[in-house]
Amino acid sequence: MKKLLMASAATALMAGTAFADGHAKEVKIGIILGFTGPIESLTPSMADGAELAMKEVTDSGLLLDSATVTPVRADSTCVDAGAATAAAERLVTSDKVDGIMGADCSGVTGAILNNVAVANGVVMVSPSATSPGLSHNDNEDNGLFFRTAPSDARQGVVMTEVLMEEGIKEVAVTYTNNDYGKGLADSFQAAFEAAGGTVTINAAHEDGKADYSAEVGALAAAGGERLVVAGYVDQGGSGVVRAALDSGAFDTFHFPDGMISAKLAENFGDEIEGSTGQHPGTDSPGAAKFEEMVGDAFDATSPFTPESYDAAALIMLAMQAANSKDSNDYKEHIMDVANTPGEQIFPGELAKALQILKDGGEIDYVGATAVELIGAGESAGNYRQIVVEGGEITTAKYR
């Protein structure tokens, strides 16, 4: 390790970067999220969450040799793999980021991982890419990919539990026709049928259409007590809900994570009264601390916003543990800082964590979402169950 550090310091000096004891005075972290596209109402607060962690670390003056952490934003679009790959290439080659917080949607995350991160040896920690296909055993990712949101293999089971407890035994399913939608719909159908439920139809919908009456016609013909919409709130998912309501085909729905945001209540209010859903979330002490820290600055409870704070924090804490901002060094430390043993670390305590690591101690980063990484970089996962009451999205319980 010592030889590696000396070699990387020498390389950096030759590149003309200002260093002290082998450490850069600046650490750059890319934030690649869909600032345009079907989840654009979710991403501003996600980016704000990540940047809050970076500011906290910069203000502490404790990362490596008092390094300043600079966020560099890029647009993943959520759905255009070519555009996302090009944006990630710019982050790595032009902006020379030392790690990537992102991406968001599963398809573009896989494209960036395979085409950019692995090729250039850059760590990625996604706060929201949930496709089971991104699990380590399905990807040769050289140990560079981690996520703070749980896989949809887990979400499918949680959805099943929620619906079964509601007494719903028969549902129709529509999903956005991409890696996220299909992966979630398939994992849900497997779990629901294993629990004795019936999926009457499991049909894709395309985003970007003006009219979803044909899709809703097929869903209505198949029938079901509730319509499961595994889509995007800023796109076709809301289009399907609107067509279903207007035609009277369905009046209650079940919404996975891509559909849950303030926009859902804004779009439909009490028209979807009694509808249910879930997204990654926790009522852990860290969640409350995170909300307190954020105050009115942005929406701390918006889906994947706490996960974004945690994703950025893990990158920086692993750098400190490795005593290096080189991905090939610090990738080995992400699981260590995320899990036991060590002193528990909550939002607002990043300075304390950096000091413990600097002194050679161990930390267990709990963060805003009760972080626990299992397998190779997978989040164990907790979920917030929601119900629409009085036209508002309310918390039913946590799982």
Side-chain angles (χ1 to χ4, degrees), residues 26-54 69-131 133-134 139-142 144-149 176-181 183 207-208 232-235 257-258 261 298 302-305 307-312 314-316 325-328 331 377:
E26 183 180 43
V27 168
K28 286 185 176 179
I29 299 177
I31 296 178
I32 187 159
L33 299 170
F35 295 107
T36 62
I39 61 161
E40 61 185 29
S41 66
L42 294 181
T43 50
S45 62
M46 291 169 68
D48 288 342
E51 288 173 0
L52 182 65
M54 294 181 205
V69 185
T70 305
V72 187
R73 291 189 180 193
D75 187 7
S76 77
T77 75
C78 171
V79 287
D80 184 337
T85 298
E89 283 280 8
R90 284 193 297 275
L91 284 178
V92 172
T93 57
S94 303
D95 298 308
K96 304 204 180 308
V97 297
D98 304 299
I100 293 173
M101 198 300 297
D104 44 7
C105 301
S106 297
V108 295
T109 299
I112 292 167
L113 175 62
N114 295 325
N115 299 325
V116 182
V118 171
N120 293 281
V122 177
V123 163
M124 284 178 73
V125 184
S126 172
S128 57
T130 53
S131 167
L134 286 164
N139 271 294
E140 291 301 322
D141 62 20
N142 296 339
L144 292 163
F145 180 70
F146 304 84
R147 50 184 169 184
T148 51
T176 180
N177 194 13
N178 63 18
D179 291 7
Y180 159 69
D207 285 325
Y232 296 128
V233 69
D234 295 321
Q235 254 300 343
D257 48 13
S261 80
F298 53 89
S302 183
F304 305 116
T305 294
E307 284 83 0
S308 299
Y309 174 90
D310 288 345
L314 286 176
I315 291 172
M316 296 179 289
K325 66 169 192 164
D326 186 309
S327 285
N328 287 310
K331 71 180 184 182

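In this chain, numbering begins with 1 at the start of the sequence shown.
The line from OG1 of T109 to CG of L33 is 9.0 Å long, rounded to the nearest 0.5 Å. Annotation: the span from I100 atom CD1 to F145 atom CZ amounts to 11.0 Å, rounded to 0.5 Å. If you take CE on M124 and CG on L113, they are separated by 5.5 Å, rounding to the nearest 0.5 Å. To the nearest 0.5 Å, the span separating SG on C105 from CG on D80 amounts to 12.0 Å. Atoms OG and CD1, from S76 and I31 in turn, are 12.5 Å apart once rounded to the nearest 0.5 Å. If you take CG on N120 and CD on E89, they are separated by 6.0 Å, rounding to the nearest 0.5 Å.
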>> Please evaluate residues F304 and I39 with respect to the criterion side-chain contact (heavy atoms from CB on, under 4.5 Å), reporting the C-alpha separation (whole Å), side-chain torsions for both, the decisive distance (0.1 Å), and the verdict.
In response: CA-CA 11 Å; F304 305 116; I39 61 161; over 6 Å; no

>> Run M54 and I29 through side-chain contact (heavy atoms from CB on, under 4.5 Å) and show every step you take.
In response: CA-CA 9 Å; M54 294 181 205; I29 299 177; 3.6 Å; yes

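The two residues D98 and S327 come nearest to each other via the heavy atoms O-OG, 3.3 Å. Annotation for M101 and A50: closest pair CE-CB, 3.9 Å, computed over non-hydrogen atoms. Taking both residues in full, the closest heavy atoms of L134 and A129 are given as CD1-CB, 3.6 Å, listed atom of the first, atom of the second, then distance. Across all their heavy atoms, V125 and A311 have their closest contact at CG1-CB, 3.6 Å. The minimum heavy-atom distance between F35 and D75, with the atom names listed, is N-OD1, 3.0 Å.
Inter-residue side-chain proximity for L144 and V123 is flagged as met; some heavy-atom pair is nearer than 4.5 Å. For the pair P303/D257, no side-chain contact is recorded, criterion being any heavy-atom separation below 4.5 Å from C-beta on. Contact of the M46 side chain with the S302 side chain is not registered, since no non-hydrogen atoms from C-beta on lie closer than 4.5 Å. Side-chain contact between L91 and V72 is present, with at least one heavy-atom pair separated by less than 4.5 Å. The side-chain heavy atoms of P127 and T148, taken from C-beta on, include a pair separated by under 4.5 Å.
Remark: side-chain polar atoms of K331 are paired, donor with acceptor, to backbone N or O of N142 under 3.5 angstrom. Of the possible polar contacts, one joining the S131 side chain to the G133 backbone as a donor-acceptor pair under 3.5 Å is found. Distance alone, capped at 3.5 Å, places no donor-acceptor pair between the S126 side chain and the R147 backbone. Judged by distance alone, the side chain of T77 and the main-chain N or O of G37 form no donor-acceptor pair under 3.5 Å. Not a single donor-acceptor pair under 3.5 Å links the side chain of S106 to the backbone N or O of Y180. Of the possible polar contacts, none joining the D104 side chain to the S128 backbone as a donor-acceptor pair under 3.5 Å is found.
Under the salt bridge (Lys or Arg N to Asp or Glu O under 4.0 Å) criterion, the residue pairs touching residues 40-50 are D48-R73, with sequence neighbours excluded.
Legend: residues meeting salt bridge (charged side-chain N to carboxylate O under 4.0 Å, His left out) with D234, ordered by chain and number and at least two apart, are K263. Residues meeting the side-chain contact (heavy atoms from CB on, under 4.5 Å) test with P38, sequence neighbours left out: C78, V79, Y232, Q235.
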